[in-house]
Amino acid sequence: MSVILARLGEIGVRRFMREYWQRRPVLIRAAFPDFAPPVGRRRMFELAASADVESRLIVRHGARWSLRHGPIPRRSLPPLAQARWTLLVQGLDQADAGAHELLARFRFVPDARLDDLMASFATDGGGVPAHVDNYDVFLLQAYGRRRWRISRQRDQRLQPGMPLKLLADFRPTREWVLEPGDMLYLPPGVAHEGVAVGECIGYSIGFRTPTWQELHDPWLARFAERSRLDGRYADPGQRVTAHPGEIPDAMVRQTHAALSRVRPTRAHTERFLLEHLSEPKASVVFQRPQHPPASAMFVRAARRRGVILDARSRMLYGRLGVALNGELFEVAAGLRPVLHTLADRRSLDGDSIARAPAALAPLLHDWLVAGWLHFGGETAP
Ligand code: SIN
Ligand code: CO
């Protein structure tokens, strides 16, 4: 079990959240002293070749850049001796148990904000050219060295005709060379560019900050699906009209008043956030067990071994209930504490399962059959 970080170098996490989070960049030297990166070059190349993993290859050709989306077979990668290329592998936490544990160390931030752990391999001079992200990000140096330059510039115009969103006029004001175990935190909106100094690997631990518009569209769609209105239009007061083409003002007023009676509530918004933010990424496929145990056998095994969430599962809870992988479960009050423990710890020991109300076992059994959790002691994923 990985332990949630209490400190980022010299800075305690409480102070970090108060003074830096969402506010200003900070460089943390030796955030992970003697860092042993879980994923290296060979494993990254393997993952990039897989259709289940999102990856990108960015190659610099003079003043231009080319971008290729994965899967990228090993033979399609440029030679290691060629400078200025970079390979990005997204969702490493879902593909590798060690990366999943590393990401778990950042759970001093709510899971609802979490995006994923990305790794980037670069040959000398490679990297993603200057850009701005809508993410809070911890840039953790895994192997080798990388020069990061940043700027809080207002001018965020992009270079036209590029396959990537690159800043047209990057004017860096600060720079650092990161060594293994060093980490740079950037809030959203800070322009940045990381250039490899020799071959290197960096990990980005990203936390999403959706725009209101991005949330609005699915929020409204769910609202439309669920809201119900009684009654129908009526106009017993309608007089003979001399302007049959004109929409009656009373019709507009009456309709507006009736339709405006349905309003989204806090509960609607909470339900939406629980479902939406626990939705796995589109590329995620859960592996269902081939021979799932029948329920009586499941209960015996779960009480002995406990259960652990699959690395790809996203679990959140709120006042309305518990959401797992996009589905909300409005469970009885007595079940909540144990399910909150499962969400917070991502596992439950056998004793907690044995002590919990009987209604827990069928839920856990369904989730095991769906591939959303496994018995304890098994590796996840
Ligand atoms: C990288 O690590 O190469 C890119 C990460 C970023 O700029 O967000
Ligand atoms: Co970036």
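Atoms within each ligand, like the ligands themselves, are counted from 1 in listed order. All values reported here derive from a predicted model rather than from experimental measurement.
Proximity of Met183 to Leu8: side-chain heavy atoms (C-beta onward) are separated by under 4.5 Å at one or more points. A heavy-atom distance below 4.5 Å is not found between the side chains of Ser204 and Phe138.
Nearest protein neighbour of atom 4 (C) of ligand 1, counting heavy atoms only, is Val128 CG2, 3.6 Å.
For His69 and Ser55, the side-chain atoms include no donor-acceptor pair closer than 3.5 Å.
By the 4.0 Å heavy-atom criterion, Ser204 is counted among the residues contacting ligand 1. Under the 4.0 angstrom criterion for non-hydrogen atoms, Asp133 is in contact with ligand 1. Residue-ligand proximity: Met118 is placed with a non-hydrogen atom under 4.0 Å from ligand 1. Assignment of Thr86 to the shell around ligand 1 is not supported, since no heavy atom sits closer than 4.0 Å.
Within ligand 1, the atoms closer than 4.0 Å to a non-hydrogen atom of His131 are 6 (C), 7 (O), 8 (O), numbered from 1 in the order shown.
Aromatic ring centres of Trp219 and His268 lie closer together than 6.0 Å.
The local environment of NZ in Lys281 is crowded, with over 12 non-hydrogen atoms from other residues, nucleotides or ligands closer than 6.0 Å.
The NE2 atom of His131 and the NE2 atom of His192 meet at the Co ion (ligand 2) at an angle of about 100°, given to 10°.
For the pair His192 (side chain) and Val190 (backbone), a donor-acceptor distance under 3.5 Å is present.
A salt bridge between Glu214 and Arg208 is absent, with no side-chain N of the basic residue lying under 4.0 Å from a carboxylate O of the acidic one. Comment: Arg105 does not engage Glu101 in a salt bridge, judged by the lack of any side-chain N to carboxylate O separation of less than 4.0 angstrom.
In terms of N/O distances under 3.5 Å, ligand 1 is approached by Ser120. For a threshold of 3.5 Å applied to N or O pairs, the pair formed by His192 and ligand 1 contains at least one separation below that value.
Only the side chain of Arg146 comes within contact range of ligand 1, with a heavy atom under 4.0 Å; no backbone atom does. Proximity of Glu193 to ligand 1, defined as any heavy-atom pair under 4.0 Å, is not found for any part of the residue.
When the Co ion (ligand 2) is compared with the N/O/S atoms of Asp133, atom OD2 turns out nearest.
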